[in-house]
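Take a look at the structure set out below.
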Amino acid sequence: MRRTGPTNIVLRKIIRELRVYANRYKAPIWDAVADYLMRSSRKRVVVNLSKISRYARDGDVIVVPGKVLGGGDLKKKVVIAAFSFSKTALEKIRISGSRPMTIKDLLRENPEGRGVRIFA
């Protein structure tokens with residue numbers, strides 16, 4: 001079968017914008033995030049809050065090229081950018097004092113990708 005890529009139009013637009021920012025600002029991190037988002041839906045990244053809490057440091061800017069789930073507790077104040085969040089994950093992120101945002105918002109704030117860590 002021929003690969004077609006994601007059929008979700010919102011996801012396609014984000015991938016296209018990530019590639020543009022990667023070329024314009026010479027930021028290879030956005031190419032890596034776009035590659036993760038191009039995966040098939042079965043191989044797409046899903047991260048629980050417990051993993052973020054375990055490996056992140058206070059003040060980190062984290063990008064999850066997929067979905068953030070509410071498993072576990074978040075004990076650190078971080079900025080988390082992802083394609084989507086579960087309802088419980090959003091609640092727990094806000095309770096911990098952290099900041100959830102979309103990947104598109106992170107692109108606008110930090111086009112060079114400095115200090116951004118990928119959690120996959």
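This structure is a prediction, so every number in the text was calculated from the model and none was measured. In this chain, numbering begins with 1 at the start of the sequence shown.
Formation of a donor-acceptor pair under 3.5 Å by the Lys76 side chain with backbone atoms of Ala56 is found in this model. In terms of modelled atom types and a separation under 3.5 Å, the side chain of Lys77 and the main chain of Ser98 share no donor-acceptor contact. Between the side chain of Lys51 and the backbone N or O of Ala120, at least one donor-acceptor pair lies under 3.5 Å. The backbone N or O of Tyr25 lies less than 3.5 Å from no partner atom in the side chain of Trp30, so there is not a single donor-acceptor pair. In this structure, Arg12 contributes its side chain and Thr7 its backbone to no donor-acceptor pair below 3.5 Å. Put simply, the side chain of Lys92 never gets that close to the backbone of Leu69: no donor and acceptor are under 3.5 Å apart.
In this structure, Phe119 CZ and Asn48 CG are separated by 12.5 Å, a value rounded to the nearest 0.5 Å. From Met38, atom CE reaches atom CG of Asp31 across 11.5 Å, with rounding to the nearest 0.5 Å. Note that CG of Leu74 and CD of Glu91 are 13.5 Å apart. Values are rounded to the nearest 0.5 Å. Between the OG1 atom in Thr102 and the CG atom in Asp105 there is a gap of 3.0 Å [rounded to 0.5 Å]. Between the CZ atom in Arg99 and the CG atom in Leu106 there is a gap of 8.5 Å [rounded to 0.5 Å].
Residue Ile118 is tested with Ile29, Val64, Ile62 for a side-chain contact (heavy atoms from CB on, under 4.5 Å); the sole match is Ile29.
Looking at every heavy atom in both residues, Pro111 comes nearest to Ala27 through O-CB, 4.1 Å. Summarising the geometry of Gly72 relative to Ser50, their closest heavy-atom pair is CA-CB, 4.0 Å, with the distance given to 0.1 Å. Considering all non-hydrogen atoms of both residues, Ser86 and Gly70 come closest at OG-N, 3.4 Å.
Counting heavy atoms from C-beta outward, Met101 and Val79 have side chains that approach closer than 4.5 Å. A 4.5 Å side-chain heavy-atom check between Ile103 and Leu37 finds at least one atom pair inside the cut-off. At a threshold of 4.5 Å between non-hydrogen side-chain atoms, the residues Pro100 and Arg94 count as touching. With a 4.5 Å cut-off on side-chain heavy atoms, Asp73 and Ser53 do not count as touching. Within the 4.5 Å cutoff, side-chain heavy atoms of Phe85 are placed close to those of Ile80.
The pair Glu109-Arg114 does not count as a salt bridge, with every side-chain nitrogen at least 4.0 angstrom from each carboxylate oxygen. Ionic pairing of Glu17 and Arg108 is present here: one or more N-O contacts between side-chain nitrogen and carboxylate oxygen are shorter than 4.0 angstrom. Look at Arg19 and Asp35 and you find a salt bridge, because one of the NZ, NE, NH1 or NH2 atoms lies within 4.0 Å of a carboxylate O, short of that distance.
When the side chains of ILVMFWY residues are joined at heavy-atom separations under 4.5 Å, either directly or via intervening members, Ile95 and Ile52 end up in two distinct hydrophobic clusters. Cluster membership for Val20 and Ile9, using ILVMFWY side-chain heavy atoms within less than 4.5 angstrom, is not shared. The cluster map of Ile, Leu, Val, Met, Phe, Trp and Tyr, joined by side-chain heavy atoms under 4.5 Å apart, puts Tyr55 and Val46 in different clusters.
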Tell me, with the steps shown, if Phe83 and Leu11 meet side-chain contact (heavy atoms from CB on, under 4.5 Å). CA-CA 8 Å; Phe83 178 65; Leu11 184 57; 3.7 Å; yes
Quick one: do Arg39 and Val45 satisfy side-chain contact (heavy atoms from CB on, under 4.5 Å)? Show the steps, please. CA-CA 9 Å; Arg39 289 181 175 179; Val45 177; 4.3 Å; yes
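Counting non-hydrogen atoms of other residues, nucleotides and ligands closer than 6.0 Å to OH of Tyr36 gives a total of 12 or fewer.
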